Peer 1: 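Before we start, here is the structure in question, set down as C-alpha cells.
Index from 1, following the sequence. Note: hydrogens, waters and symmetry copies are ignored here, and every other heavy atom, side chains too, is used. Note that this is a predicted model, so its numbers are computed, not measured.
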Amino acid sequence: MSGSQIYDTSNSSLNIAAGNHIHPNEIFNNLPVAIYTCDCSGYITWYNKAAANLWGREPKIGSEQWCGSWKIFKSNGDELPLDNCPMAITLREGRPVEGEEVIVERPDGRKIYVKPHPVPIFDSEGTLKGAANTLIDITESRIAEEKSAKFVAIVESSQDAIISKSLDGIIRSWNFAAEQLFGYSESEAIGKHITMLIPANRIIEEHLILGKIRNGDKVEHYETLRLRKDGLEIPVSLTISPIKDKKGNITGASKIVRDISQQKEAEIKLKQYADNLEILNSVGKVVSESLDIKQILQKTTDATTRLSGASFGAFFCNKADENGESLILYTLSGAEKESFEKFGMPRNAAVFHPTFSGQGILRSDDITTDKRYSHNSPHQDIPEEHMPVKSFLSVPVISKTGNIIGVLFFGHPEAGKFNKEHEDLVQSVASQAGVALDNAKLYEEIKILNSKKDEFIGLASHELKTPLTSITAYLQVLRRALTDEHSKDFVSKTLSQVNKLSALVSDLLDVSKIEAGKLQLTCEPFDISTLLNDTIDIMSLSNPEHKITLNTAVNHLTVRGDTQRIEQVLINLFTNAIKYAPSAYAIDVSLEQENNHVRIGVKDNGIGLQKDQLEQIFSRFYRVDGLSPHMSGLGIGLYISREIIERHNGQIWVESDYGKGSTFWFTIPLSGFSKDR
Ligand code: ADP
C-alpha cells in the first residue's frame, strides 16, 4: 500500500488533505451510479456499492490498480490492458477522459457496456492527488441500439415490402423491397398517403383494414391488388399488424406486402392446364366415339377455339360441290353464321390458300401486315361485317391417307395472341379429328350402302310376294281339280315348298318394314292360352315325331296384342326348337301369369348356345357359325320376334346350356296393363 493513501477503508472516509477530513456520506455510497477513486499511483482508494455491482466483484482497496474490473475491452471488442484504461490515462496525463466507451467483463462472464468519466483530483497547490471515475452503465441502450440495427438490417434485406404508416394512413417507413415493388423511392413515399398504392375501386379496403387495426387486430395474408407507380396493378398478399407505443396505445400499422404475381401466374397456368386437359379429354371422347360428321366438326371447332384462346374459330371442310367450287360444310365457334355469309371461298383467298393446299400451319401475330392479306378486295380476306382479325392461326386437318379434309381457322382482334403452345394443342386435336372424320366418312358410306341393301330387300320381297301368291292359288285350284292321287301328292309337296318360300319372303318383307319403321300391329284383346294351344296343335300336326307338352295351371288369360304377330313369334320359337334339336324330340312349353304380365317359355334339348351368342342371335342376319347344312335359315326370325315383343312392351330372352338345350322366354303385359304402341 502506498504512503500517499487518501482513502481509509476502515472508516470509509475520504482524506483529501492531511487534517481535512471529509466523511463520505451515505448518499455517495448508495448512489445508483458507480463511482470509485484512485490515488495518483492508480491504486483504488474507494468505491461505492454500485461500482462493486457493476464489476461483479469487490476489488482490494490499496492493492488493485486502475479499475475494479478484472478484464476490460475496447468498444470494438479488443482487450484493453488495465494500465491503459481511461482512469490510467487521466492519472498519467492529469486530464479528464471523455467519450471513451469500454466493455467490462464480470467474473460471471456477463459483459457490461460502460461510459467512464475519470476526472483528476488536485490539491490546492495543483498537485495531482488522484482521480475519481464515474461509470455509466449503457448496456441497455447499447442492446436496444444493436437490436434496432439488426431490425433495420432485416427490414432492409427483406424480400417483402415492409411499410409502416400512421393511423391516418401516412407512410412513415419504406424499405428497399417496397421501392422495388412499387417503384417509388423512399423519399417519394414517406409522408404520402397510403392510398397512392391502392387501386381506386379498392379504397374501401383501407377503411376496413384500419378499422381492424384500431381494434388491435392483425390482418393476415389478405390477397388483393395494389398499384405500382407505373399504374400497373399487381396481386399481393398483405399482413398488417398494429404498432403500439410503450404504453400500449396503437399509433400506426406495419404492412408486409408480398408480391404474389408469380404465384398467381402459376395458379392461372395450372388452371389453364387443367382446363385444357379437360377440353382435350372431352373432345377426345366425342371424337373417338362419335361417327356423326357434324358433331365431330362442331366439337373440334369449339374445343380448339377454347384451347387457342381465340375470339372465334371456324372449321372449313375441303369439300367441293359438283362444280369443284364452294364449301358446303363449315362450323363456327364464337361467331355468328351471318358474319361468315359473305366470307366467300377461303380456299381461294390468298391468306387461306396455303393451308388448304398442304403448306401446313400458318400463324401470324398480325395478319393485316401479311403481304398476301389485301389480295381479296374489297373485303381483303375478312368480310366487312366480320369482327376485325389481327392474330391469325390456321391448322390443316389431314386424313390418314394424307388428304386435307379441312382447315381450322382462329382469329383474335388483338395482335400476338397465338403462340407455339396453342399451335401444338390445336394440331393434336386436329390429328384426332382427322382420324375421326375418316371413320365417320366410312360409316356414312356404309350407312348409304346398307340403306340401299334394305331398299333392295324390300323391293325384291315385294316383287316376289305377288307371283308367289298367284302360284299358291293356282296350285290349290290344280290340287282340287286333280283326281289322280299320285299327281295330287306332287302338287301338295310343291305347295308346301311354295309356302316355305312365301314365309321366307314374308319375313324379308317384315325386316324391311321394321327398318323403315313401318311394321304395323293390329292390337285387340285375345286369349293367349287358346292361341298357345292352337299353335302347339298346328306344330304337332306338321311335326308328328316331336312331342310338344304344355305345362300350365292357367286356363284363360287375356292379353291385348296382335294375335297374328304373337302367333308368328310362337311359330318361330317352335320351328327353331325343332330345327336346332335334330335328335331330341321333347319340347316343353310353359305359360305363367307373373304380376301384370304373362310369361311363356319354350324349352328344347338341342344344340344350345354359348354365352356370347345369347344376345347376338336377336340381331339381324345373325346365325351361329358352323351350323349343320340341315339347319338352314336367314337369321331374321328372332330379330322380327324381338321387334314384335318389344312393340308389345314385352321382353324376349334366352337361357341356354351349351350342348344341352335352350329355353326361349318372352313376356307380354296382361290386357289391362298393355299400352298400345
Ligand atoms: P334362323 O333360324 O333362320 O337362322 P333365327 O333368327 O330364328 O334365324 O335364329 C338366329 C340364330 O339363332 C340361328 O341361326 C341359330 O344359330 C340360333 N338359334 C335360334 N334358336 C335356337 C335354338 N332353339 N337352339 C340353338 N340355337 C338357336
Peer 1: If we ignore hydrogens and angles and just use 3.5 Å, is the side chain of S512 paired with the main-chain N or O of D454 as donor and acceptor?
Peer 2: no

Peer 1: Flag the pair R142 and E145 as a salt bridge only when some basic side-chain nitrogen lies within less than 4.0 angstrom of an acidic carboxylate oxygen.
Peer 2: yes

Peer 1: Does D259 come within less than 4.0 Å of R226, counting only side-chain N to carboxylate O?
Peer 2: no

Peer 1: Looking at R642 and E615, is there a salt bridge between them, counting it only when a charged N and a carboxylate O are closer than 4.0 Å?
Peer 2: yes

Peer 1: Which heavy atom in I617 sits nearest to a heavy atom in V624, and how many Å separate them?
Peer 2: CG2-CG2, 4.3 Å

Peer 1: Taking all non-hydrogen atoms of both residues into account, name the closest pair between D438 and I405 and its distance.
Peer 2: OD1-CD1, 3.9 Å

Peer 1: List for me each residue that meets side chain to side chain contact (heavy atoms under 4.5 Å, CB included) alongside S290, sequence neighbours excluded, and say none if there are none.
Peer 2: V286, D292, Q295, I296

Peer 1: Is it the case that N215 and K212 place a side-chain donor and acceptor less than 3.5 Å from each other?
Peer 2: no

Peer 1: Would a line drawn from the ring center of F312 to the ring center of F410 be shorter than 6.0 Å?
Peer 2: no

Peer 1: Salt bridge between K452 and E455, side-chain N to carboxylate O under 4.0 Å?
Peer 2: no

Peer 1: Which is it for N419 and E423 under the side chain to side chain donor-acceptor pair (under 3.5 Å) test, yes or no, and what are the steps along the way?
Peer 2: CA-CA 6 Å; N419 56 30; E423 191 181 303; over 6 Å; no

Peer 1: Can you measure from CG (L634) to CZ (F621) and round to the nearest 0.5 angstrom?
Peer 2: 7.5 Å

Peer 1: Working to the nearest 0.5 Å, report the span between OH of Y639 and CG of D507.
Peer 2: 12.0 Å

Peer 1: Does this structure show an ion pair linking K150 with E146, if we count only N-O contacts that are shorter than 4.0 Å?
Peer 2: no

Peer 1: If the plane angle is over 60° it's perpendicular, under 30° parallel, otherwise tilted; pick one for F182 and W174.
Peer 2: tilted

Peer 1: Any donor-acceptor pair under 3.5 Å linking the side-chain atoms of D168 with those of S166?
Peer 2: yes

Peer 1: For the side chain of N175 and the backbone of A161, is there at least one donor-acceptor N/O pair under 3.5 Å apart?
Peer 2: no

